[in-house]
Amino acid sequence: MNKFKNLIYKKNKSKIVCLTAYSKNIASILDNHCDIILVGDSLGSVLYNFKSTRNVSLDMMIEHSKSVRMGVNNSIMVVDMPHNTYRNNSEALKNAKKIILETKCDAVKLEGGKKIINIVKHLIKNKIPVQGHLGVLPQSQKGKFRFKGKKLSERIKILNDAKLLEQAGVFSIVLECVETSLAKTITRELMIPTIGIGSSSNCDGQVLVTDDLIGLNPINVRFVKKYLNITKYINSAIVNFKNDVQKKKFPQKKNSY
Ligand code: KIV
């Protein structure tokens with residue numbers, strides 16, 4: 001069974017695990033555990049301190065993805081198409097092909113529903129596997145962050161967008177900060193899996209930014225659970241190194257040529 005069919009087969013059987021990676025070493029740890037490894041454009045805020053993911057370039061995504069690829073053997077590797085790289089069919093196809101060719105990833109992810117549906121169809125017609133992304137859309141987010149699905153009109157729109165994306169042929173949809181009962185309805189109505197972030201356990205799988213869950217990125221939002229304070233461990237290793245250097249305990253003979 002191919003990787004995508006295998007993923008869709010998991011719906012209603014076992015939960016799908018997805019995490020982000022921006023480089024090889026983290027990717028190779030995740031690869032033993034994740035169904036999907038996402039090179040998210042969240043790297044703009046997590047690694048580069050950008051105010052928004054809109055400043056992430058195609059070259060940045062490609063360079064990080066090349067590194068990630070070296071650590072991925074089993075999982076489906078998805079790369080975010082950054083802002084302003086899929087404004088029309090030809091631009092989207094040219095850039096998606098470049099991403100796939102240069103990074104050897106399995107699929108690309110695009111944010112949006114009806115507005116980009118012809119672009120999604122065009123990519124899929126040209127054999128580019130696509131993951132959808134609905135709910136909070138960081139690339140087009142203006143103003144304050146707010147979860148999606150409070151107003152009826154918004155709920156209807158997101159559900160319709162999800163159905164349109166499924167009909168267009170995406171293999172799964174990320175639901176970012178979608179209200180619990182709406183996430184449940186979308187997940188029930190679709191044949192393809194939904195991957196939630198801040199969208200409740202009703203989704204078929206979950207995604208988080210790895211740097212958030214290991215406590216490397218100092219973020220405090222409701223949808224993140226911190227499983228580790230890795231900063232504490234790095235800190236203590238650095239203090240030990242510093243002390244050893246200052247007390248001339250490192251390097252020893254065995255560390256020298
Ligand atoms: O950019 C990203 O990391 C994402 C996930 C948070 C879903 O899109």
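Ligands are counted one by one from 1 in listed order, and the atoms in each one are counted from 1 as well.
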With salt bridge (charged side-chain N to carboxylate O under 4.0 Å, His left out) as the rule and sequence neighbours excluded, what pairs involving residues 193-207 come up? K11-D204
Under 3.5 Å: N or O atoms of ligand 1 paired with protein N or O:
| from | atom 1 | to | atom 2 | distance (Å) |
| --- | --- | --- | --- | --- |
| ligand 1 | 1 (O) | D41 | N | 3.2 |
| ligand 1 | 1 (O) | D41 | OD1 | 3.1 |
| ligand 1 | 1 (O) | S42 | N | 3.0 |
| ligand 1 | 1 (O) | S42 | OG | 3.3 |
| ligand 1 | 1 (O) | D80 | OD2 | 3.1 |
| ligand 1 | 3 (O) | S42 | OG | 2.5 |
| ligand 1 | 8 (O) | K109 | NZ | 2.9 |

Test side chain to side chain donor-acceptor pair (under 3.5 Å) on Y22 and S42 and set out the steps. CA-CA 9 Å; Y22 310 136; S42 52; 2.7 Å; yes
More than 12 heavy atoms from other groups under 6.0 Å of CZ on R222: no
Output the rest of the hydrophobic cluster of V17: all Ile, Leu, Val, Met, Phe, Trp and Tyr residues reachable through side-chain heavy-atom contacts under 4.5 Å, sorted by chain and number. none
Do V108 and V130 come within less than 4.5 Å of each other through their side chains, counting heavy atoms only? yes
Given a cutoff of under 4.5 Å between side-chain heavy atoms of I, L, V, M, F, W and Y, with clusters grown through shared members, what are the other residues clustered with L152? I156
